[in-house]
J.: 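Sharing a structure below in structure tokens format, with a few things to ask.
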Amino acid sequence: MSAVEPIWIARDLPKCSGCRLCEVACSLHHEGRIWPEASRVRVFMRVPGAEFPHLCTQCHDYPCVKSCPVGALSVDKRTSAVIVDRDSCNSCGACIQACPGRVPFLHPGDKKATICDLCGGDPQCVKVCTEGGWNVLRVVEREESHSYKLYARRPDEITMDLVTIIFGEHGERMAR
Amino acid sequence: MRGYAGKFAEVDLSCGEVKETVFGEETLKQYLGGRGLAAKLLWDRLGEIWERVDPLGPENILTIFAGPLTGYYPGSKMCISGKSPLTLGIVGSTVAGEHAVDMRCAGFDGLIIKGRAEKPVYLLVTDDGVEIRDASHVWGKGRVETYRILLREALQLLEGRSPGSREWREPSILHIGPAAEKMSRVTAVQTKWAHGAGYGGYGAVMGSKNLKAVLFKGLGPLPEAWDMGRAREIIWRILRICFRSDSMRRWGTGAAGYDVGSRLSSEPVRNWQDEWHDERSFGVDRFEERVWVKRYWGDFGCPSTCLKLSVVRAGPYKGAVCDNPDYENQAYLGTNLGVFTPEENVYLCSLMEELGFCGIQVGNTLGFAAELYQRGILTKEDLGFELRWGDVKGFERLMKMMAEREGIGDILAEGTYRAALKLGKLKGLDLTRYAVTEKGMGIGAHGIRSKLDYVEAVSYPCSVQGGDHTSPAMRDIRKGDSELTVILHDSGVYCWFNIMKDEALDLIWELIQAVTGWQITADTWYKEMALRILAIQRAALLVGGPDITWKPIKDDDLPARWYEPLPSGPYKGRASDKKELEEDRRRYFEDVGWDERGIPKSSTLKCLGLEAVDKKLRSFLGNQ
């Protein structure tokens, strides 16, 4: 097996159907159960029709890792994913606050910080999205860049942009 | 017990009391959930006094049930039931969305809602239980505002309760519109902006209980499966079967718009006076190019994503938003009203959803009113304006009058059949001949005169859900789209668009076993379980009341309209044949263990363990 290269999940948000099979695949992989609220990729739907998958973008400067007071977060050198040491995590939520997209969350089971780990290089969410033909999520080669951080935005902000694409000028009225 | 959260929340809105109800394993095994369990519960609680229960009174019970396969079978739905204000029987009405999964993740398999709140309320269902909250501020509001206001409120509340733990995802919302608040019988229980549980008229039941909405947010996993490894494998097999359903995925049921009208000649045109049209603008391509802004739209776990999102971006109907429209809404708020342009059709759908109507029911009633106008039975004086085929402004006005119960809208808000009775009395005419309904319910948009569509002569007259095209009786009771099979899907509860291929249906028994551990085979289902649920639903329908009682045989007939020959098109001259219906009906009744009048036989009921149903039927129908 060849060594895993650093990867990134590119996304085409307006194409998201809102089917949430990415959540089903993610939770089956990580939890062995269907558990939407424990899924590392989470589909937001502030406005019906403007659904989109929300997941860690692996910012170049990893503010979440820096914010952790107990050093529970680290970066996987092979994949570039943020790895959580669940034994060290003290559930303080600093990583959630530090993240420009508020992507991490406290796991509803053990209350530990939970972040996409890129499934070790073979993301299950991408698999199902591609196999289903929606192609919203795609694995791309990751290069050194500041621009990844641009994708780490809060769900409300993303929604505002999406509703304009989808509903035109009426969109913002629906999302306010 | 696996596959179930294990408890149901029972809410009495009259006194604000919430308690938990548990069903024994044997009951769950016999009735699964959703439609089956709702029938069982409703009959147990209200069966003895069924004829006196007012569907819009506090004594009615509204059930909001998931099933053991909800969330497991790809494509989740919720089944809503109660005594139906339209049929006066029990209708299992399903609606897709995330709500059922959110509810199960919060630890509930369903809600049982009784009584009537003094003031408008909504329910918030979370892992902590069910809260009854004030809804005065959203009473009277349409879908967009209701969704927006309640969503923000709930998100703030959840964030306040556990600050900093997560970016909260939306609770799922079931809600009703202004027309349902005024208890119009042709209303739906809605979700998002463009989905509804329409058949049955349960929007009006929520309205009668002063219940504006139910919000669900659960943080837990789906209830544990008996064999998750096996379940996972079957889920993937089903997903891959569905991924191949290309036509359904690409165009949804809207693809049928032109096809059913022109090729199968079974689409309602001008209140079913015709079932044929050659209007090419109703081809799916025009919708796709002109109004679709989203080509694949689906709900939780759905591999088909057959919904499409439509927005009118310019012109007089700018800003109108709805889904697809699906085939039913293209038909009932399009061809049935003589409306043949996508933008006008989307506008009427958008308005229908904003006001909280069911597209099929309100379209059926509007078409009925327009035919009465065409025939000079309803006049400009009756309506206050003219109502011509294709006149969108006229239909818009009438729909708003129905929502407000203003003028003649008050009578029409009762639905086509009841309006036909009332207006008939006023005019001294038999108007039921223009009402294309079955047991008080507007019939789905699939005619039978050309004999080319999937429904058969017995489909509507023998369905225990009235004119429900998603639950048609079939000569072959084991057929994939027969009512007995649909009862399985509606009790399961999942979307039957994802199980239309036989290979998917074959997997269902294995998935039931993997999730619940119970061995239910096709034989146990068709020979016992489905017949039990069917018999209860039939009994409730036959007892009916309090305003209408259906007469066996006489009311198990096709609408008068369908005995009139098709006036145009390639199948001009074809009509329904009474002899054929009688023969098919006789055979159907025999196959499901009912007597020649369609009354479940004592021997059948006793075999199924339904002695109480038997007793009631004998005493109620004995003298008729």
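Every chain is numbered from 1, with letters handed out A, B, ... down the list of sequences. In what follows, every heavy atom counts, from backbone to side chain, and hydrogens, waters and symmetry copies are set aside.
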J.: What part of B:Trp236 gets closer than 4.5 Å to chain A, counting heavy atoms only: side chain, backbone, both or neither?
T.: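 Looking at B:Trp236, just its side chain touches chain A.
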J.: What part of A:His54 gets closer than 4.5 Å to chain B, counting heavy atoms only: side chain, backbone, both or neither?
T.: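 Looking at A:His54, nothing touches chain B.
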J.: Report which part of B:Glu145 has an atom under 4.5 Å of a heavy atom belonging to chain A: side chain, backbone, both, or neither.
T.: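 Contact with chain A is through the side chain of B:Glu145 alone.
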J.: Which atoms of A:Glu169 are under 4.5 Å from chain B, going by heavy atoms: the side chain, the backbone, both sets, or neither?
T.: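 Just the side chain, heavy atoms under 4.5 Å.
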J.: Tell me, side chain or backbone of A:Cys16 under 4.5 Å from chain B's heavy atoms, or both, or neither?
T.: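 Backbone only.
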J.: Answer yes or no: is there a donor N or O on one side and an acceptor on the other, between the side chain of A:Ser39 and the main chain of A:Val41, under 3.5 Å?
T.: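 Between the backbone of A:Val41 and the side chain of A:Ser39 there is a qualifying donor-acceptor contact (under 3.5 Å).
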J.: Name the region of B:Leu219, side chain, backbone, both or neither, that has any atom closer than 4.5 Å to a heavy atom of chain A.
T.: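 Both backbone and side chain of B:Leu219 come within 4.5 Å of chain A.
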J.: With a 4.5 Å cut-off on heavy-atom pairs, point out which of A:Pro36, A:Cys22, A:Gly171 contacts chain B the most.
T.: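 Sorted descending by pairs with chain B, the first entry is A:Pro36.
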J.: For each of B:Lys192, B:Arg169, B:Arg240, tally heavy-atom pairs with chain A at distances under 4.5 Å, and name the one with the top tally.
T.: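 If we count pairs closer than 4.5 Å to chain A, B:Arg169 comes out on top.
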J.: Side chain from CB out, backbone as N, CA, C, O: work out which of these in A:Val103 comes under 4.5 Å of a heavy atom of chain B, or both, or neither.
T.: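 It is neither, since no heavy atom gets under 4.5 Å.
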J.: For B:Val312, is it the side chain, the backbone, both, or neither that has a heavy atom closer than 4.5 Å to a heavy atom of chain A?
T.: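 Neither part.
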J.: Under a 4.5 Å heavy-atom cut-off, does chain A meet the side chain of B:Arg313, its backbone, both or neither?
T.: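 The answer is the side chain of B:Arg313.
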J.: Looking at B:Gly164, B:Ser165, B:Pro163, B:Gly71, which makes the most heavy-atom pairs under 4.5 Å with chain A?
T.: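 Going by pairs under 4.5 Å, I would pick B:Ser165.
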J.: Can you tell me which portion of A:Ile96 sits under 4.5 Å from chain B's heavy atoms? Options are side chain, backbone, both or neither.
T.: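 A:Ile96 touches chain B through side-chain heavy atoms alone.
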J.: At a 4.5 Å cut-off on heavy atoms, which part of B:Arg249 comes close to chain A: side chain, backbone, both, or neither?
T.: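 For B:Arg249, the side chain is the part near chain A, not the backbone.
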J.: Which region of A:Glu23, side chain (C-beta onward) or backbone (N, CA, C, O), has a non-hydrogen atom less than 4.5 Å from a non-hydrogen atom of chain B, or is it both or neither?
T.: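 Side chain only.
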J.: Check each atom of B:Lys294 against the heavy atoms of chain A and say whether the ones under 4.5 Å are side chain, backbone, both or neither.
T.: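 For B:Lys294, the side chain is the part near chain A, not the backbone.
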J.: Is it the backbone or the side chain of B:Leu309 that comes under 4.5 Å from a heavy atom of chain A, or both, or neither?
T.: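 For B:Leu309, side-chain heavy atoms alone lie under 4.5 Å from chain A.
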J.: So what's closer than 4.5 Å to chain A heavy atoms on B:Arg295: side chain, backbone, both or neither?
T.: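 Answer is neither: B:Arg295 stays 4.5 Å or more from chain A.
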J.: Less than 3.5 Å apart, any donor N or O on the side chain of B:Arg143 or B:Ser350 sitting next to an acceptor on the other?
T.: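 Result is yes, a qualifying pair exists.
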J.: Going by atom types only, do A:His30 and A:Asp117 share a side-chain donor-acceptor pair under 3.5 Å?
T.: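 Result is yes, a qualifying pair exists.
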J.: Pick one of side chain, backbone, both or neither for B:Pro223, based on which atoms fall under 4.5 Å of a heavy atom in chain A.
T.: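 Backbone only.
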J.: In terms of heavy-atom proximity below 4.5 Å to chain A, should B:Leu307 be classed as side chain, backbone, both, or neither?
T.: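 Neither part, no heavy atoms under 4.5 Å.
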J.: Can you tell me which portion of B:Lys217 sits under 4.5 Å from chain A's heavy atoms? Options are side chain, backbone, both or neither.
T.: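 The side chain, not the backbone.
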J.: Check each atom of A:Ala175 against the heavy atoms of chain B and say whether the ones under 4.5 Å are side chain, backbone, both or neither.
T.: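 Backbone only.
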J.: Are B:Trp193 and B:His175 near enough that their ring centres are under 6.0 Å apart?
T.: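 Between B:His175 and B:Trp193, which both carry aromatic rings, the centre distance is not below 6.0 Å.
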J.: Please flag which part of B:Tyr296 lies under 4.5 Å from any non-hydrogen atom of chain A: side chain, backbone, both or neither.
T.: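 Both backbone and side chain.
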J.: Do the rings of A:Trp8 and A:Tyr151 sit parallel, tilted or perpendicular, given the 30° and 60° boundaries?
T.: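 The rings of A:Trp8 and A:Tyr151 stand perpendicular, inter-plane angle above 60°.
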